[in-house]
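Not measured: the values here are computed from a predicted model. Numbers for residues simply follow the sequence, beginning at 1.
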Amino acid sequence: MIEKVLIANRGEIALRIMRACREMGIQSVAVHSTADANAMHVRLADESVCIGPPAAKDSYLSTAAILSAASITGADAIHPGYGFLSENADFAEMVEEHGIKFIGPTADHIRLMGDKITAKQAARDSGIPCVPGSDGEVVDFEHAKKWANEIGYPVLIKAAAGGGGRGMKVAKSEAELHDAFDVARNEAEAAFGNGAVYMERYLDRPRHIEVQVLADEEGNVVHLGERDCSLQRRHQKILEESPSPALNSSERAEIGKTVADAVRKLGYRSAGTVEFLYENGEFFFIEMNTRLQVEHPVTEAVTGLDLVREMIRVASGHPLDFTQDEVRMNGHSIECRINAEDPFTFAPSPGPVHEYHAPGGLGVRVDSGLYSGYSVPPNYDSMIAKLIVHGRNRGECLMRLRRALTEFVIDGIKTTIPLHQELILNDEFINGAYDIHWLEEYLKAREADGGK
Ligand code: MV4
């Protein structure tokens, strides 16, 4: 059994993992940069180690510093959280080579899903529906033309090493294809050191729906329903909900079963998320995330399960102690990501927090490392809190969300709380009638109205 976990992360997710450890009687080790010496994750841990200067590449991304910290504290496992080293297959491999358990999937599965071409092939071979597109890499313009004619325009050229929206180019016709192909290849080479690209039919107005799974080492796999993550700006999610307002229960059961069967075939272990675009009643695989995700709490709210606890149990070699039939989806949950940003321009707003008051009450959860007197450092991601609300149905959830956003006080810095207050009064949002482009169009219209 795991006795001491080093948490290779910071902020709210480090706290989240520590809380699971404490409930399980596991010691926790925080690591931190010099910029985070006063962070809540350092205060709440059983032990902490400073691993370097503020720049992430010299601290939270330094495999040497993190492995040294694990070694001197005698940690027998590492949880990577999300971002940073969480989807770095070489890191997962190094951790295991040091005789330390990596709380996540195998390095091979991380590598397989990290390359979007091999990920798509694996998904398709396991029975997951994919976006019609090229059979693997598109190596030159002649092949690009051949595939585009087969798929039909518009087409999307994507980088194998991309993901999360980086390195994509649309071509609406053959006239645009040559330049789009060249630009995509060159950008992929420059950004990732890997110029491999592939091609898909471009879906016009899909929703972004992702299915959560948990798998153990004995081949037991359960799906925990889906999350709708369509509300995004520049590929940053702003608000997520579960269940998706777009699905009915038979669609939900069917995609869940398809994903769980595929993940079992892949021999995957730990928590994972299979991402889809959903348009006109059809699901199309785009990527698989081999980590715990920011928005996991909405799934926790609806299922009552503790995903971090399950990840730790699976990493310890325990089988899942519940079956698919025992997973009950209950009610509705919404998460608002609260960023230290101007709610109109989205300019970062780090600095000292004067007054801090988190909302509470029935159905309300706040995951955050903020406290009065804390100063948000300028060196990292601007997400400073997640507000997660649960209700028996979407209407009750929205009522509680409105109430909770009214109670939330974060003084001294600008936050995106006013944006959320505004969004949840919008009729289209209230009706669940949004897709992946809705928020950006909403914000553009708001700007045209004179910043209000
Ligand atoms: C697409 C697409 C339309 N058609 N693929 C962007 C992030 C990356 N994970 C996949 N992305 C997209 N892939 C096809 N064939 C549109 C997007 C996309 C998107 C997807 C999910 C959430 C937000 C998005 C915003 C713009 C584009």
Side-chain angles (χ1 to χ4, degrees), residues 87-89 105-140 143-144 146-171 177 180-181 184-185 187-189 191-204 206-213 215 221 223 226 229 235 254-268 270 272-280 282-291 293 436:
E87 291 180 288
N88 183 319
T106 64
D108 286 344
H109 282 111
I110 298 174
R111 204 168 278 122
L112 178 73
M113 296 304 170
D115 180 311
K116 305 308 161 191
I117 292 178
T118 55
K120 191 173 174 182
Q121 280 162 345
R124 194 215 283 150
D125 292 348
S126 320
I128 295 181
C130 293
V131 190
S134 62
D135 195 359
E137 185 182 351
V138 179
V139 293
D140 57 31
H143 285 92
K146 181 195 90 114
W147 280 117
N149 287 329
E150 198 160 314
I151 301 162
Y153 289 94
V155 295
L156 192 57
I157 301 151
K158 294 183 169 182
R166 295 173 310 160
M168 303 195 317
K169 283 281 163 293
V170 185
L177 186 63
F181 181 75
R185 277 193 77 94
E187 283 187 5
E189 184 62 49
F192 314 114
N194 172 6
V197 297
Y198 63 111
M199 220 155 127
E200 288 181 346
R201 191 174 96 211
Y202 176 71
L203 303 176
D204 193 32
R207 296 179 79 111
H208 181 201
I209 295 177
E210 56 187 32
V211 177
Q212 176 72 53
V213 294
V221 181
H223 73 83
E226 82 286 3
C229 304
H235 302 292
E254 194 184 319
I255 194 64
K257 184 176 189 314
T258 301
V259 167
D261 288 347
V263 164
R264 190 174 306 110
K265 266 188 213 158
L266 286 165
Y268 187 84
S270 195
T273 301
V274 179
E275 296 192 341
F276 292 94
L277 298 178
Y278 174 81
E279 195 174 67
N280 302 324
E282 269 190 282
F283 285 95
F284 303 96
F285 171 88
I286 43 172
E287 290 170 22
M288 179 169 184
N289 299 321
T290 55
R291 60 165 191 278
Q293 289 195 253
I436 62 170

Measure the shortest side-chain to side-chain distance between [X] and [Y] over non-hydrogen atoms and say whether it is less than 4.5 angstrom.
X	Y	value
Met288	Tyr268	yes
Asn289	Glu87	yes
Val259	Val213	yes
Val197	Lys169	no
Leu266	Asp125	no

What pair of heavy atoms forms the shortest contact from [X] to [Y], and how long is it?
X	Y	value
Ala159	Phe192	CB-CE1, 3.7 Å
Gly136	Ile117	CA-CG2, 3.7 Å
Pro129	Phe276	O-CE2, 4.1 Å
Glu279	Pro206	OE2-N, 3.4 Å
Phe181	Ala144	CD1-CB, 3.9 Å
Val155	Leu177	CG2-CD1, 4.0 Å

Which of these, Glu287, Glu226, Arg291, Gln212, sits in a side-chain contact (heavy atoms from CB on, under 4.5 Å) with Thr273?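 Only one of Glu287, Glu226, Arg291, Gln212 forms a side-chain contact (heavy atoms from CB on, under 4.5 Å) with Thr273, namely Gln212.
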
What's the spacing between [X] [atom1] and [Y] [atom2] if we round to 0.5 Å?
X	Y	atom1	atom2	result
Tyr278	Glu210	OH	CD	16.0 Å
Ile436	Asp204	CD1	CG	9.0 Å
Ile128	Thr258	CD1	OG1	8.0 Å
Glu200	Ile286	CD	CD1	8.0 Å
Glu150	Ser134	CD	OG	10.0 Å
His208	Leu277	NE2	CG	6.5 Å

Electrostatic pair Asp261:Lys265 at N-O distance under 4.0 angstrom: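 Between Lys265 and Asp261 there is no salt bridge, as every charged N stays at least 4.0 Å from the carboxylate O atoms.
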
For the CD atom on Glu254, are there more than 12 heavy atoms of other groups (residues, nucleotides or ligands in this structure) within a distance under 6.0 Å?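 Check fails, neighbour count at 12 or below.
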
Name of the residue among Lys146, Arg124, Lys120 meeting salt bridge (charged side-chain N to carboxylate O under 4.0 Å, His left out) with Asp135: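 Exactly one candidate clears the test, Arg124.
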
